[in-house]
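Every chain is numbered from 1 and lettered A, B, ... according to where its sequence line falls, protein lines coming before strand lines.
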There are 2 protein chains.
Amino acid sequence: MATIKNVAKKAGVSVATVSRVLNNKGYVHEDTRKLINEAIEELNYKPNEVARSLYKKKSRLIGLILPDIRNPFFPELSRGVEDEMQKHGFRLIIGNADEKLEKESDYIHTFKQNNVIGIISATNHRDLSHYDDLSLPVVLLDRTSDKHPSVSANGFDGGRQAAREIVRRGSKRVTLLKGPAELQAAQNRFKGAVEEMCTLNVNFNVMVTTSFAFDDAEKWAKKLFEEYPDTDGVIASNDVVAAAILHEAHRLGKSIPNDLQIIGFDDIPLSKLLFPPLSTIRQPAYEMGREAADLLIKLITNEKVQEKYIQMPVEFMERQTTRKAEENG
Amino acid sequence: MATIKNVAKKAGVSVATVSRVLNNKGYVHEDTRKLINEAIEELNYKPNEVARSLYKKKSRLIGLILPDIRNPFFPELSRGVEDEMQKHGFRLIIGNADEKLEKESDYIHTFKQNNVIGIISATNHRDLSHYDDLSLPVVLLDRTSDKHPSVSANGFDGGRQAAREIVRRGSKRVTLLKGPAELQAAQNRFKGAVEEMCTLNVNFNVMVTTSFAFDDAEKWAKKLFEEYPDTDGVIASNDVVAAAILHEAHRLGKSIPNDLQIIGFDDIPLSKLLFPPLSTIRQPAYEMGREAADLLIKLITNEKVQEKYIQMPVEFMERQTTRKAEENG
DNA sequence: TTGAAAGCGTTACCAC
DNA sequence: GTGGTAACGCTTTCAA
């Protein structure tokens, strides 16, 4: 690997001058610049990011913490982040925290040690103290806090919409799944649904679920029908759980959406391929990722940001696990 | 951030000695060691990876190139890699190449610039020349080449199994989907299926598909039934495409598996939640990721590796898009 | 058993 | 316009 010294030598100048052309900083004669550029070309020289980072105490890396990329919602999010970061020349170190505080701290630690220039975190822990004394810009994604800028979807509204839609489409014995308690996003959805159900003055059941993992989803689905065999409408805390419920409902011979309506949350790519295609509350995951990246970049470059707490709208995707709305709306 | 100098000062020793205890190298008196460890503790000192990396020309980062994390097969793979790397203290820079050679090169470039210690690549390009003069260990994942160690699944055998199963379960007018031509893994599956069909001496159709993306999958599904409306068995190139076909078949009112059998490939987590649950050829994605990580680590540490070309077995997952096998097997 | 100092590749200050 | 050089935080020789 060629270094700046080699380039300097080849061009017959000092490293200082080479550095100047590299960074487009300070004066350098047009002829010298050309000479240097030729040398760079010939040697196929690429500046060493590590050396740069050491001196400047800033790399071009940013840290991204996810709960678990295997949840299909997160690949979308993370591509949004990556694509936007890419445009600005930043790269990602990604860590899956698995809702383990220790892993999360480990990754943050790694980020610091590698001079990342900022962090985007989509984890679930209530306790964000490990982000406090970081002296690094942090953007929260898919969650909020008053201590850090954030990008999230309007889960509360999503919950309301889900409740409204399922009721107006005729479910009488609705069951709300209350996702993991520590998962702010899930709780907002849940609260929104509860509030709307109360406003609408209709009864409902609540079933507590404590994870979003695929394997657990099936367990919740079974439990749901054991505990509330006569439920005719389910508002799930995300699409994976909704898919599992749909699956279990088929197994029990229920007719969807006639016997049972289901509304999910997220709108993961596969949800439209389910049978019947899943009605769900769409979160604009990819765009959320991009917004978070944008926000972080603005923070990094000290641009003014008008809005530090970005909330994206959600949208009811009518598909076929819900019935047609009755005429009166 | 505390530096080694601060620690040295606090402990009343030189940085050299601190470095020695940090790296457990060379002699250092037990008392001094204790002193230094206390100082480290008190200052909450963490060595700067960047400085280390600059000197040693090796970081603790490894580069992972994926085609697109949104394809549900890859989150599994990448978690396998990440978890295994984690155990050994390595972290991942992840890049999605989107099958664009330029992005791939960009990422490789970034990896080099950041002194990654090795690369795992799961991309599709035939041309691997950009991996050649890297002077870095490279492990290919989900593909092979005689120039680099690799971990892949036995797609050929998978194709054969799929063909065998679909025929013995009674499909007479099988359609084979031939995935993207540049995608080695897809071609192996296809070839295996073709060979088995020939061995079994049964007719079949071939439909060419040129991508694995969600949005395209629906297109292929529609096209399939336009071109081969009477097909009664489909071997799809992966589960996403299979899901789309299943979806389209429902739309057309076909009864699965009676009118049509479908076999996918990958066994993504959602495939068992489809309706009917998807019969598929399982690739052990997570384990493949781990194996690749293991192999790379061995390469890095110059451990002897017995097998540089690891091929993992695949397995037919009988679910309900295929009929029961007839008695004679 | 310990310390001084060179060096990793870069940037930025200060002279010239 | 340009060059010399200290500095970034660490590891490793070499000498003591």
Checklist line | 5' priority, DNA chain C, between K5(A) and G12(B) [closest heavy atom] | finding: G12(B)

Check: Which listed nucleotide (dT11(D), dT2(C), dG4(D)) is nearest to the side chain of T32(B)?
Finding: dT2(C)

Check: So which nucleotide from dG1(D), dC8(C), dT10(C) ends up closest to the side chain of Y45(A)?
Finding: dT10(C)

Note to self: Between N114(A) and E49(B), does the side chain to side chain donor-acceptor pair (under 3.5 Å) criterion hold? Intermediate values first, please.
What the structure shows: CA-CA 6 Å; N114(A) 284 283; E49(B) 273 301 318; 5.8 Å; no

Item checked: Out of dT1(C), dC10(D), dG9(C), whichever nucleotide has its closest atom nearest the side chain of N48(B) -> dC10(D)

Item checked: Selection from dT12(D), dT10(C), dC10(D) that lies nearest to any side-chain heavy atom of A16(B) -> dT12(D)

Note to self: Give the residues of residues 23-31 of chain A touching DNA chain D, defined as any heavy atom closer than 4.0 Å, sorted by residue number.
What the structure shows: Y27(A), V28(A), H29(A)

Margin query: By nearest atom, which of the nucleotides dC8(D), dG7(C), dG9(C) is closest to the Y55(B) side chain?
Written below: dG7(C)

Notebook entry, point to check: So which nucleotide from dA12(C), dG9(D), dA4(C) ends up closest to the side chain of T3(B)?
Noted result: dG9(D)

Check: What's the CZ-P distance between R20(A) and dA12(C), to the nearest Å?
Finding: 11 Å

Next item on the list: Decide yes or no, distance alone: a donor-acceptor N/O pair under 3.5 angstrom between the base of dG1(D) and the side-chain of R33(A).
Entry: no

Next item on the list: Among the candidates dG3(D), dC10(D), dG9(C), find the nucleotide nearest to the side-chain atoms of T17(A).
Entry: dG3(D)

Next item on the list: Please determine, for the side chain of P47(A), which listed nucleotide (dC10(D), dT1(C), dT10(C)) has the closest atom?
Entry: dT10(C)

